[in-house]
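Input: a single structure, listed below in structure tokens.
No experiment lies behind these values; they were computed from the predicted model shown. A note on names: the letters A, B, ... follow the listed sequences, proteins ahead of strands, and every chain is numbered from 1.
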Amino acid sequence: MYLFGLVLQLGASIIPYYLCGMMDKKVRVRFAPSPTGGLHLGGVRTVLFNYLFAKHHGGDFIVRIEDTDQTRFVAGAEAYIFECLAWCGLTPDESPLHGGPHAPYRQSERKAMYSQYAMQLVQNGQAYYAFDTPEELDAKRKEFPNFQYNYQHRTGLRNSLMLSEAETQLLLQNGTPWVIRIKMPDNEDIRFTDMIRGDVHFNSSQSDDKVLLKADGMPTYHLAVVVDDYLMQITHAFRGEEWLPSAPVHVLLWQYLFGLQHMPQWAHLPLILKPDGNGKLSKRDGDRLGFPVFAMNWTDPRTNDFAQGFRERGFLPEAFVNMLAMLGWNDGTGQEIFSLPELIERFSMDRVHKGGAKFDFEKAKWFNQEWIKNTPVQHYSAQVKLLFEQAGILITNDTQFETVLHLVKERCIVLNDFVQQAAFFFATPQNIDIAAIKPKWDEKKNQFFLELIRAFELTTLWQHDELEKELKEMAAAHQLKPGELMLPLRIMLVGGKFGPGVFDIAGIIGREATISRITHTLQLLQA
RNA sequence: GGAGCGUUGGUCAAGGGGUUAAGACACCUCCCUUUCACGGAGGAAUCACGGGUUCGAUUCCCGUACGCUCUACCA
């Protein structure tokens, strides 16, 4: 007996509270987006934390589509969400796309399941029918400055609380539109423990009588989330902080319907804020400040409104995920670069922040640069090759292409930078920055390069060291400093003041191209 | 308005009664590099405010301010 107690105590001190009592249950989390548009940074981060937590604990990650509002249905949005997840490498264990034992995973297809629970609440006096029209409600809102459908006002409205049983039945039989609302208890303390914020409590009177079942027979989020989390055996529920104020409704629903002991542990994630000023980061901020907010390109089919994605901006999914993980979480060691498997291993809820984080695109770019730099080019060369082809540059030699990518990769922040940084390896530069050469150009240098061409024509070993040696020796003979020659030569070969070492470039583009580019620029300088 | 949640440099953040208050991004200077970048060395810059508790508070408590979120038959 004594020993048993000791073991329990020990156990309690080691195991986080949010896993206590869950030891026998497999961890199951869900991401529950509504398919109304592009997938936002914050959405992906919610997915990520769900995923990391589940995988860290060997659990399941479920995606459930919350499409209970048919007026907001957007064609293609669901497919887009799954494509984003696939791009990020966050594969669901169960979803409408991947199937699973709790199908269907679209709430619109689960419509029939919800009403029985709403009815049960009505039966138990925990919810009621309301017949008020939207117009009547609007009128009330105008009449009272802070109108809420609550203990204060529900007596003055048209609902089964006020109507007699017969009147209610008559209205129902006549086909009068109705909704079911939860009856929020008066002045009750509702509390729960949030994994991130600890004990949170609300007074029940503060919330209004939320609609549970809409006039079209669909549940609202409030009912659907509770019913489905129960049916799908969700153990931990992550969502944005904006949901905190409606949590008491959900806690109450759990208490009424399934019992608090089955309620998942809640975690309300801090918000991702706009870089300047305050407030939630929105697509609008991205447009304004020139950075993507969505994971991938998204065009709203209704408005044709286009939003650029991180993927198309040239981000590696590894970098995108890494950057998102660090927005609100860190492992305490100062390490910032993590692969997905590392994140899974290190992730823990007790290191998730409470406060929101302003999104910093500069830092996001740094993550991508690090990933480009530290990843073998083979990993992304196919994608970069496509970028070259889009720019009208055909790549024929893959081995040489990858050599070039490797040579320039630390100069690239996004994948698209490779085109600018390496196009001149495969195509003669169209624009030569003559203005950068001209001020210090003279006949002496002209003669030098003329002679350099002749020497290059005869060079036997066309490679870096040999070419450098030749230029230096010839510079000495002409009483010129190599430094005065390097920049002109670079511009002749590259077109501008960028790129890797000049002799590396000459070595790769070959004798013919090197000579012809020098000749061409010399002609331009003559003109 | 109400309620809830939050607040360490410009940004992300570590720390958590005694520290010169880590580190990263960005910025500035220098070194390396005969371009740019990478790399290296430095610099500037912070505990929102006011009360407690304490020998001592950035850290604990209480207020205040500020910010955000919610306040739909949207999620």
Looking at every strand, decide which applies to [X] at a 4.0 Å heavy-atom threshold: base, sugar-phosphate, or nothing.
X: A/Gly355; value: sugar-phosphate
X: A/His268; value: nothing
X: A/Arg197; value: sugar-phosphate
X: A/Val494; value: nothing
X: A/Gly328; value: sugar-phosphate

Checklist entry - What orientation do A/Phe359 and A/Phe291 show, parallel under 30°, tilted 30 to 60°, or perpendicular over 60°? => result tilted
Checklist entry - Is the A/His250 ring parallel, tilted or perpendicular to the A/Trp243 ring (thresholds 30°, 60°)? => result tilted
Checklist entry - Within 45° of the ring axis of A/Phe144 and under 6.0 Å from its six-membered ring centre, is that where the NZ or CZ of A/Arg141 lies? => result no
In terms of side-chain heavy atoms of [X], which of [options] is nearest?
X: A/His353; options: B/U34, B/G6, B/A13; result: B/A13
X: A/Glu410; options: B/C38, B/A13, B/U34; result: B/C38
X: A/Asn330; options: B/A14, B/G23, B/A3; result: B/A14

Checklist outcome for this item: Here the helical stems involving RNA chain B, each at least 3 consecutive Watson-Crick or G-U pairs closer than 3.5 Å, sorted by first residue number, are B:1-7 with B:65-71, B:10-12 with B:23-25, B:27-31 with B:39-43, B:48-52 with B:60-64
Checklist entry - Taking only residues at least two apart or on different chains, which pairs with a member in residues 174-190 of chain A satisfy salt bridge (Lys or Arg N to Asp or Glu O under 4.0 Å)? => result A/Asp189-A/Arg191
Can you give me the N/O atom pairs linking the protein to nucleotides 26-28 of chain B at distances under 3.5 Å, or say none if there are none?
none

For residues 492-500 of chain A, which side-chain N or O atoms pair as donor and acceptor with protein atoms under 3.5 Å away, sequence neighbours left out?
none

Item to check | Base-contact (B) and sugar-phosphate-only (S) positions in nucleotides 60-75 of chain B, heavy-atom cut-off under 4.0 Å, - elsewhere | outcome: -------SSSSS-BBB
Please produce a list of atom pairs where a protein N or O lies less than 3.5 Å from an N or O of nucleotides 39-43 of chain B.
{"residue": "B/G39", "atom": "OP1", "partner": "A/Lys373", "partner atom": "NZ", "Å": "3.0"}

